[in-house]
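Comments concern the structure below.
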Amino acid sequence: QKEVEQNSGPLSVPEGAIASLNCTYSDRVSQSFFWYRQYSGKSPELIMSIYSNGDKEDGRFTAQLNKASQYVSLLIRDSQPSDSATYLCAADEAAGNKLTFGGGTRVLVKP
Amino acid sequence: GAVVSQHPSRVICKSGTSVKIECRSLDFQATTMFWYRQFPKQSLMLMATSNEGSKATYEQGVEKDKFLINHASLTLSTLTVTSAHPEDSSFYICSARPQGTGNEKLFFGSGTQLSVL
């Protein structure tokens, strides 16, 4: 069974600090990885996608992928109270395949 | 950007009734749509993959006779929860992506909160 694991949190960070979220996956054939942000009672919205080993930066967000260790991470720099949400990690086997989601990490950014 | 509309956003029903949830892609065609269920403080669990013009593919443990999926057009998929019971109370979310694209173009509906009394 394919699994995507995340620490459920909550991860509490002060405003302006860096939030670091981790995700591991069990299926070695996974090729594409996604980070979603989900506010309570709302649907997920895509923050980042990453397909190759290394770092990928987009604004205050940096995704890191290490396929050898089956590990994906997300860094949120200069965290803002509006970043308080649950962050979901997801993986798929190949482009267009169904996604497997992790349990999500709840992030609380305190002013 | 592409939008997926899901309706209704909230429904309260009595035990034993059936509830239909609609998922529409507003500005693109989608041969494939996905239906998820999310219990409080848990992740999205894929229930089924809805395929236009053919039968849906259900995940292990999901009763296809209870959760009826119809994908009659390239822009509409429906999920019907038949004979709903309190344990079916959950947040149901659909997603869709334009034909020929990957999950980087996957868009989610706004979700339906189902409460069965």
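Side chains are part of it too, since the values below use all heavy atoms of this structure and drop only hydrogens, waters and symmetry mates. Proteins get letters first, then strands, A, B, ... in listed order; numbering begins at 1 in each.
The number of heavy atoms from other shown groups lying within 6.0 Å of CZ (B:R10) does not exceed 12. Crowding of B:K41 atom NZ: a count of heavy atoms from other residues, nucleotides or ligands under 6.0 Å not exceeding 12. Remark: A:K67 NZ is packed, more than 12 non-hydrogen atoms of other residues, nucleotides or ligands lying under 6.0 Å away. Within a 6.0 Å radius of NZ in A:K42, no more than 12 heavy atoms belonging to other residues, nucleotides or ligands are found. Residue B:H7 places its NE2 atom among 12 or fewer non-hydrogen atoms of other residues, nucleotides or ligands, all under 6.0 Å distant. The neighbour count for A:R106 CZ, taken as heavy atoms of other residues, nucleotides or ligands under 6.0 Å away, does not exceed 12.
Within the 4.5 angstrom heavy-atom criterion, atoms from both the backbone and the side chain of B:L44 approach chain A. The contact between B:E59 and chain A is made entirely by side chain atoms (from C-beta outward), counting heavy-atom distances below 4.5 Å. Neither the backbone nor the side chain of B:Q6 comes within less than 4.5 Å of any heavy atom of chain A. Proximity to chain B is absent for every atom of A:E45, based on heavy atoms less than 4.5 angstrom apart.
Grouping the Ile, Leu, Val, Met, Phe, Trp and Tyr side chains by contacts below 4.5 angstrom, directly or via other members, places A:F101 apart from B:V62.
Residues A:S43 and B:F108 approach most closely at CB-CB, 3.9 Å, considering heavy atoms. Residues B:S43 and A:G103 approach most closely at CB-CA, 3.4 Å, considering heavy atoms. Residues B:F91 and A:G41 approach most closely at CZ-O, 3.5 Å, considering heavy atoms. When all heavy atoms of B:E104 and A:F34 are compared, the closest pair comes out as N-CE2, 3.6 Å.
The closest donor-acceptor contact from the side chain of B:N103 to the backbone of A:N97 lies under 3.5 Å.
Chosen from A:L99, A:L46, A:L88, the residue pairing most often with chain B at heavy-atom distances under 4.5 Å is A:L99.
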